[in-house]
Amino acid sequence: MEVRNKIIKTLTVTTAVFTMATSISASADWSSFVNARVSHDRATDSYLGSRDTKTDFGITALDVRYGGVWQNDNLGSLDLLTRFYLAGSDKEIGNTGFDDNNSRTFAELKRFNYQLTNPVHNGEWQYAIGRTRFRESSGMMWDKDIEGFSLGFHSTLLNAEVRVSERLMAWRTDQTDFFNEDQKIRYYSGIVDYQWFYQSHISAFVLHQDDYSGLQPIGSLHNSEDIDRHDRNATWLGLSISSQFEQGIAVHLGVQTVKGEGVDSNSSSVGSKRQITGQQTYDISGWLLDAGVWWEMPQLSSWFGVNLTLTSKGEDKGDREGFIQSDLASNRYRASDLGLSFYKTGYAYRQTLENLSMVSLLYGFRQEQWRAGVQWNLIQRRNSKAGVGDSQISTEEGLIAGNHSLGQTLDFEVSWLPENLQFFESVDRVQLTMRAGLFRAGDAYGNASGKTRSRVLLEFKVRQDLEDF
């Protein structure tokens, strides 16, 4: 607690001092923007059991973000991003209409990151402290808004950074992004990226997760959202190699290993509470392989891709031994050439990468005002007697021992970026996006085999860069 308070105090004082200094400095500049989006996200129920009625969920939201950067030649820069979110949700069961309506509104400080740069003859050193989006390109190791401080070196060919991160408090007014299981977890990370040839990179990663929270004692009663479900102390090592060739072919190969130990809590319902009934200790030891090839066909404005994702097998004991991902992973990767993003295991399924093999086929299309992409996945369990990672799917009987097929996913995303629209002539960017995902359960889900879950997102986004001063 003492260390936590010191970090919070350091962040607060640093931010306040820097903001005051830049605001009174004649050489300080503030460049800002407003980003507004209206979206409707609708999905069929994640439950694939034998219910007679079909359940749909829908969320309509307005998301407004205002942010910018204070820049001063001597004092560095301060990156700020605020957010206001207003949403209404509904649950529709069969033909009975809407039986559950509620709204959700919050304000959020998403980003406040102070950065100081020190140029040297062959690059620059960077020091940063605050809350920012901490991610690597694949999203398979880390991709999350989190507080921390970092030291990095950046040059034309070599980029390196070490960082210490920890969630310290809720930054939303509704407190829903900071539950008990998110607290008292510290992350130590490092990355080195070297361009060893033209458009060819090799990157090395390390991440250590130190969960010092401690689980609640057996027999204690808690609200569901207050339960700390697991403690994991583990270290991940990663290596990634990518190259792009003149023929329009790009290849990548990524490997991760993990070693550590964890403890999970089991609980059961007792009235409106949940009671801790036991704890399960397990070893964490495994590996992940991710490899793929992209072909660019400029004459068709298209890209084709094939990808293989493979993890080590889980153990037969029924526990979580084997490869697991860190709590920072999102598995959302961005196809920068297309201006699109996909979830590794599908938008409607979104399973973490544990005890699986997955073959993916991808297609992308891009022209001046259009972006489109399709992703198909075939997902199997490597060990048919072991569990798999967390997903957005649940069934009455769980996974069936001896059956390998987890299912298939099909994702589609299309974006339209119109220009010179009559009502948006003065706006810097307008974008209309539709993302759709379908999951079809395999025989590993027993009686739920062949059942589907779908999810569709419609989003209209407007961005306006404001006058600098």
Side-chain angles (χ1 to χ4, degrees), residues 43 137-140 143 240-245 247-256 288-311 323 325 329-367 370-382 388-389 391-393 403-415 433-445 449-457:
S137 58
S138 71
M140 290 191 294
D143 180 20
S240 174
I241 302 174
S242 63
S243 291
Q244 187 169 337
F245 304 100
Q247 296 83 355
I249 298 176
V251 298
H252 77 270
L253 172 65
V255 179
Q256 289 186 33
L288 175 145
L289 171 69
D290 186 70
V293 181
W294 277 93
W295 294 272
E296 180 183 0
M297 303 184 67
Q299 65 274 24
L300 299 177
S301 302
S302 299
W303 286 257
F304 297 90
V306 179
N307 201 86
L308 170 67
T309 304
L310 196 67
T311 74
F323 181 84
Q325 293 190 277
S330 70
N331 293 322
R332 183 176 181 179
Y333 68 93
R334 291 161 175 80
S336 56
D337 290 339
L338 298 174
L340 302 174
S341 63
F342 289 98
Y343 288 94
K344 196 74 175 175
T345 52
Y347 185 47
Y349 189 36
R350 293 175 66 174
Q351 181 193 311
T352 56
L353 305 179
E354 302 175 26
N355 187 30
L356 63 73
S357 63
M358 181 172 65
V359 177
S360 305
L361 301 179
L362 306 103
Y363 168 75
F365 173 83
R366 177 171 181 170
Q367 284 191 339
W370 291 95
R371 315 280 190 270
V374 179
Q375 173 182 262
W376 173 80
N377 292 324
L378 176 64
I379 309 174
Q380 303 271 335
R381 270 195 302 180
R382 295 208 61 215
V388 295
S391 73
Q392 300 203 354
I393 300 300
N403 295 341
H404 286 273
S405 175
L406 292 171
Q408 302 178 52
T409 70
L410 181 65
D411 283 21
F412 175 74
E413 182 173 339
V414 59
S415 291
T433 299
M434 183 188 77
R435 178 185 293 133
L438 177 68
F439 169 74
R440 185 177 187 273
D443 60 11
Y445 285 99
S449 176
K451 295 184 180 294
T452 60
R453 180 178 193 253
S454 61
R455 187 173 180 181
V456 178
L457 172 71

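Since the model is a prediction, treat every value here as computed from it, not as a measurement.
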Q.
Measuring only between side-chain heavy atoms, which start at C-beta, is N331 closer than 4.5 Å to Y343?
A. no

Q.
Is the shortest side-chain heavy-atom distance between V359 and Q380 below 4.5 Å?
A. no

Q. Below 4.5 Å, heavy atoms only, C-beta onward: do R334 and D143 meet side chain to side chain?
A. yes

Q: Measure across R350 and G346 and return the closest heavy-atom pair with its distance rounded to 0.1 Å.
A: CG-O, 2.9 Å

Q | side chain to side chain donor-acceptor pair (under 3.5 Å), paired with K344, selected from N377, D290, T409 | A | D290

Q. Mind checking whether I379 and Y349 have side chains closer than 4.5 Å, heavy atoms only?
A. yes

**Q.** Any side-chain heavy-atom pair of Q256 and L353 under 4.5 Å
**A.** no

Q: Taking all non-hydrogen atoms of both residues into account, name the closest pair between L438 and T452 and its distance.
A: CD1-CB, 3.9 Å

Q | Min side-chain heavy-atom separation R366-W303 under 4.5 Å | A | yes

**Q.** Rounded distance [0.5 Å steps], CG in L406 versus CD1 in I393
**A.** 11.0 Å

Q. What are the two closest non-hydrogen atoms of F365 and S302, and how far apart are they?
A. CD1-OG, 3.9 Å

Q: Give the minimum heavy-atom separation between A436 and V456, together with the two atoms involved.
A: CB-CG2, 4.2 Å

Q.
Once rounded to the nearest 0.5 Å, what's the spacing between atom CZ of R435 and atom OG of S415?
A. 8.0 Å

(Q) Which residue is it: W294, W295, F304, F412? I am looking for the one with a ring pair (Phe, Tyr, Trp, His ring centres under 6.0 Å) to Y363. (A) F304

Q) Heavy atoms, side chains only, cut-off 4.5 Å: are T433 and L457 in contact? A) no

Q.
Minimum heavy-atom separation for L356 and T352, please, with both atom names.
A. CD2-O, 3.9 Å

Q. When rounded to the nearest 0.5 angstrom, what is the spacing between CG in L378 and CD in Q408?
A. 5.5 Å

**Q.** Other residues, nucleotides, ligands: >12 heavy atoms within 6.0 Å of R440 CZ
**A.** no

Q | Any side-chain heavy-atom pair of E354 and V388 under 4.5 Å | A | no

Q.
Return the CD to CD distance between Q351 and Q392, rounded to the nearest 0.5 Å.
A. 11.5 Å

